[in-house]
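Structure first, then comments.
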Amino acid sequence: MLQRIQSVWLLLAAIFLFLSFRFPFYSGNTAEKAGVKFTAGYNFLTLVLTAILAAGCLAIIFLYKNRKLQLRLTIAALLVSIAILAVYFAGLRDFVSGELSFSAIFIFLVPVLLLLAGRGIYKDKKLVRSLDRLR
């Protein structure tokens, strides 16, 4: 069912990932330019990883009939989101000076939301197994 809580967590994760294209993670000065904003579209790697993860989160929502696959893909998405965080912090080496933006919280919340979604999927899976034993 689409009205499960993990669908909300996955939708919020996708929304935050799409917002990271618009709002900066880091603002500062590079060696070549001043006032550069590091968004999801700053370089090709962050662009591709963020777009794939956002589309993946939306796709995972509609796999509610296959909980085992949904849980596996959510765990994979969690690992990709942690990798995205590592790529974001590696990209900060381009900057000479600057500061973390308030909208960086979008990227930090994605792994938390995916973790909550995975927990909800696991609870549903456990509930269905326990109901199958009662039949």
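Model, not experiment: these values are computed from the prediction.
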* Asked: Is there a chain of hydrophobic side chains (I, L, V, M, F, W, Y, each step under 4.5 Å between heavy atoms) that links Leu79 to Leu73?
  -> no
* Parallel, tilted or perpendicular: which fits the ring planes of Phe25 and Phe89, with parallel below 30° and perpendicular above 60°? -> perpendicular
* Can you check whether Thr30 reaches Phe38 side chain to side chain, under 4.5 Å on heavy atoms? -> no
* **Same apolar cluster (I L V M F W Y, side chains within < 4.5 Å links), Val8/Leu78** => yes
* To do: Can you measure from CD1 (Ile60) to OG1 (Thr74) and round to the nearest 0.5 angstrom?
  => 4.5 Å
* Asked: Looking at side-chain heavy atoms only, is the closest gap between Val36 and Tyr42 below 4.5 Å?
  -> yes
* Arg22 side-chain N/O to Leu19 backbone N/O, donor-acceptor pair under 3.5 Å -> no
* **Heavy-atom check, side chain of Phe18 versus side chain of Ile15, under 4.5 Å** => no
* Asked: In this structure, are over 12 heavy atoms from other groups packed under 6.0 Å from Phe95 atom CZ?
  -> yes
* Asked: Taking side chain as C-beta onward, heavy atoms only, is Leu53 less than 4.5 Å from Val110?
  -> yes
* To do: Drop me the distance from Ile121's CD1 to Lys68's NZ, to the nearest 0.5 angstrom.
  => 14.5 Å
* **Any donor-acceptor N/O pair, Thr46 side chain to Ala40 backbone, under 3.5 Å** => yes
* Looking only at heavy atoms, which two atoms of Tyr88 and Ser20 are closest? And how far apart? -> OH-OG, 4.1 Å
* To do: Consider only side-chain heavy atoms of I, L, V, M, F, W and Y, link residues closer than 4.5 Å, and tell whether Ile5 and Leu115 are in one cluster.
  => yes
* Asked: If you take all heavy atoms of Gly41 and Phe21, which pair is closest and at what distance?
  -> N-CD2, 4.1 Å
* To do: Taking the side chain as every heavy atom from C-beta outward, state whether Leu114 and Cys57 have any pair of such atoms under 4.5 Å apart.
  => yes
* Pairwise side-chain contact, Leu113 with Trp9, heavy-atom cut-off 4.5 Å (strictly under) -> yes
* Are the side chain of Ser27 and the backbone of Lys37 linked by a donor-acceptor contact shorter than 3.5 Å? -> no
* Asked: Rounded to the nearest 0.5 Å, how far apart are OG of Ser7 and CG of Leu11?
  -> 8.5 Å
* **Separation of Asn43 CG from Leu49 CG (nearest 0.5 Å)** => 9.0 Å
* **Within 6.0 angstrom of Lys123 NZ, more than 12 heavy atoms from elsewhere** => no
* For Ser101 against Pro24, the heavy-atom pair lying closest together -> CB-O, 3.3 Å
* Asked: Around Leu45, counting heavy atoms of other residues, nucleotides and ligands shown, do more than 12 lie under 6.0 Å from its CG?
  -> yes
* Asked: How long is the gap from CG on Leu63 to CG on Leu71, to the nearest 0.5 Å?
  -> 11.5 Å
* If Ile, Leu, Val, Met, Phe, Trp and Tyr residues are connected whenever their side-chain heavy atoms lie under 4.5 Å apart, and connections chain through other members, are Phe108 and Ile84 in the same group? -> yes
* To do: Report whether Ile75 and Leu10 are members of the same hydrophobic cluster (ILVMFWY, side-chain heavy atoms less than 4.5 Å apart, transitive linking).
  => no
* Looking at NZ of Lys65 and CD of Gln70, how far apart are the two atoms once the value is rounded to the nearest 0.5 Å? -> 12.5 Å
